[in-house]
Q: 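Take this structure, written in structure tokens, and hold onto it; I'll ask about it next.
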2 protein chains.
Amino acid sequence: MSTPTPGHRDRRRVHHEATRREILDAAWANARENGLAGLSLRALARTVGMEPQSLYTYFHSKNALYDALFAEAYAELLSRQRAAAHPDPQVAFTRIAHAFVHYCTEDPVRYLLLFQRTVPGFTPGPDGMRSAVEVLDLVRDILARLGIGDPEALDVLTAVLGGIAAQQTANEPGGRRWTGLTDRAVTMFLREFAPDR
Amino acid sequence: MSTPTPGHRDRRRVHHEATRREILDAAWANARENGLAGLSLRALARTVGMEPQSLYTYFHSKNALYDALFAEAYAELLSRQRAAAHPDPQVAFTRIAHAFVHYCTEDPVRYLLLFQRTVPGFTPGPDGMRSAVEVLDLVRDILARLGIGDPEALDVLTAVLGGIAAQQTANEPGGRRWTGLTDRAVTMFLREFAPDR
DNA sequence: GTCTATAATCTGATAGAC
DNA sequence: GTCTATCAGATTATAGAC
């Protein structure tokens, strides 16, 4: 019969996922090479050994591909932030700050996709948005554990850490001139916003 | 004779400059509409009422056009920074900070061109670079007048102010959520870096 | 799921007439 | 300095055979 057994479906699904993974990896590589907006489905297909049209089996549009990249990048950031957890809030805060800056600067293209509106027609979908909100909630929690409830503090913090990442990425990719200032920025921030010191 | 009189040359030069100006203005508008990397010579030519090929009389390549945009944007930033001068260094510093943040956020595309490496093949030429260095020198001078000689201070400052602009531009273009924190960021910065207080 | 074929359109850039 | 004509590609996306 033409109805596949469950075994068939599983193997097919596994293969589908693997190919999808391969395409996403190649997409990151292509974007790093040619710029985020310069990502081309043709070149992408060639590196995975496919005809360009076959990509549409896995992503029904170029924006859907950007969307998948956005979502997986934010999910990865979230898991890095969680891995930076620590019982001492002060230590946790420093670790989170470093994890964030490191994550942003280790891949400039990923940074642009997540934090700069640089792809003309693209707006992230609900999956990516969810992770983005979770990342922010996590940071808010740490601040609360440090006795910092001021909502302005969170905005200043994202500006400072994002600014370090942005400067490093734009002016000296791969270097340490700005990322090396993270500890200093953290003390500066705490001196301004942490209570009683 | 075929040699034009000085009068001819002048009129021709004036007309050339005017057309060039018109093209640059249209280029900014086009970039704001379609994204910086999405700037198209065809569309640009159409809005100035020209055939696309005629643009090459004024800019010998697309990168040369980007270059001109970059240079004029940095020159404008420099003149704004100079306009923010003030005998009291403390006041001058605050004014410079606000001028910078305001300049960055009033045109997101211009911000991306100047401070984010977002156009794949583009590297700014010597004209733009000169203005960029001058802007930085001006800020360094103000810091020196505040008694801040630490070179790390300048890098932290560009990160903080650039970060405010980046967050505002990416997350709430046209709003005041981050730019409204400029004064607070300035005090935070001075508390960390200014001597004896 | 992958292919061929192709639509429909865009891209930056050059040569040469006027 | 502007035009016509054109090159030599690129782009995303769809239809339909196998």
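Letters A, B, ... mirror the listed sequences (proteins, then strands); counts begin at 1.
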Q: If you compare every side-chain N and O of A:H16 against the phosphate oxygens of C:dG1 (OP1, OP2), does one of them come in below 4.0 Å?
A: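 For C:dG1, OP1/OP2 do have a side-chain N/O of A:H16 under 4.0 Å.
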Q: Below the 4.0 Å mark, does D:dG1 have OP1 or OP2 next to a side-chain nitrogen or oxygen of B:S54?
A: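 Result: no.
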Q: Produce a footprint string for nucleotides 10-18 of chain D: one letter per nucleotide, 5' end first; B if the base is under 4.0 Å from any protein heavy atom, S if only the sugar-phosphate is, - if neither.
A: -BBBB----
Q: How long is the line joining CG of B:L65 and C1' of C:dT11, in whole Å?
A: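 Checked: the CG to C1' distance equals 15 Å.
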Q: Can you measure A:N34 atom CG to C:dT11 atom P for me and round it to whole angstrom units?
A: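 Value for this atom pair: 18 Å.
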Q: Consider side chain to side chain contact (heavy atoms under 4.5 Å, CB included). Of B:V139, B:V135, B:L136, which one does B:T158 pass it with?
A: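 Considering B:V139, B:V135, B:L136, a side chain to side chain contact (heavy atoms under 4.5 Å, CB included) with B:T158 is found only for B:L136.
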Q: Could you check how far CG of B:L55 sits from P of C:dT11, rounded to whole Å?
A: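 The answer, rounded to whole Å, is 12 Å.
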Q: Quick one: which of D:dG1, C:dG1, C:dT2 gets closest to the side chain of B:Y58?
A: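 Of D:dG1, C:dG1, C:dT2, D:dG1 is nearest to the side chain of B:Y58.
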Q: Considering only NZ, NE, NH1 and NH2 on the basic side and carboxylate oxygens on the acidic side, decide whether A:R130 and A:E134 come within less than 4.0 Å.
A: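 No, A:R130 and A:E134 are not salt-bridged.
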Q: Tell me the interatomic distance from A:F59, atom CZ, to C:dG1, atom C1', rounded to whole angstroms.
A: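 In whole Å, C:dG1 C1' and A:F59 CZ are 15 Å from each other.
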Q: Any carboxylate oxygen within less than 4.0 angstrom of a Lys/Arg side-chain nitrogen, looking at B:R12 and B:E17?
A: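 Here B:R12 does not pair with B:E17 in a salt bridge, since their nearest N and O are not under 4.0 Å apart.
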Q: Regarding B:R21 and B:D25, does a basic nitrogen lie under 4.0 Å from an acidic carboxylate oxygen?
A: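 Salt bridge flag = yes for B:D25 with B:R21.
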Q: A:R20 has an atom CZ; how far is it from atom C1' of C:dG1, in whole Å?
A: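 Going from A:R20 (CZ) to C:dG1 (C1'), I get 15 Å.
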Q: CD1 of B:I23 versus C1' of D:dT2: gap in Å, rounded?
A: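 About 12 Å, once rounded to whole Å.
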Q: Indicate whether any N or O donor in one side chain lies under 3.5 Å from an N or O acceptor in the other, for A:W28 and A:E72.
A: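 A pair is found: one side chain offers a donor N or O, the other an acceptor, under 3.5 Å apart.
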Q: Would you say A:L190 and A:Q90 make side-chain contact, with heavy atoms under 4.5 Å?
A: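 Of all side-chain heavy-atom pairs linking A:Q90 with A:L190, at least one is under 4.5 Å.
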Q: Please report, rounded to the nearest Å, how far the P atom of C:dT11 is from the CD atom of B:E51.
A: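 To the nearest whole Å, that distance equals 14 Å.
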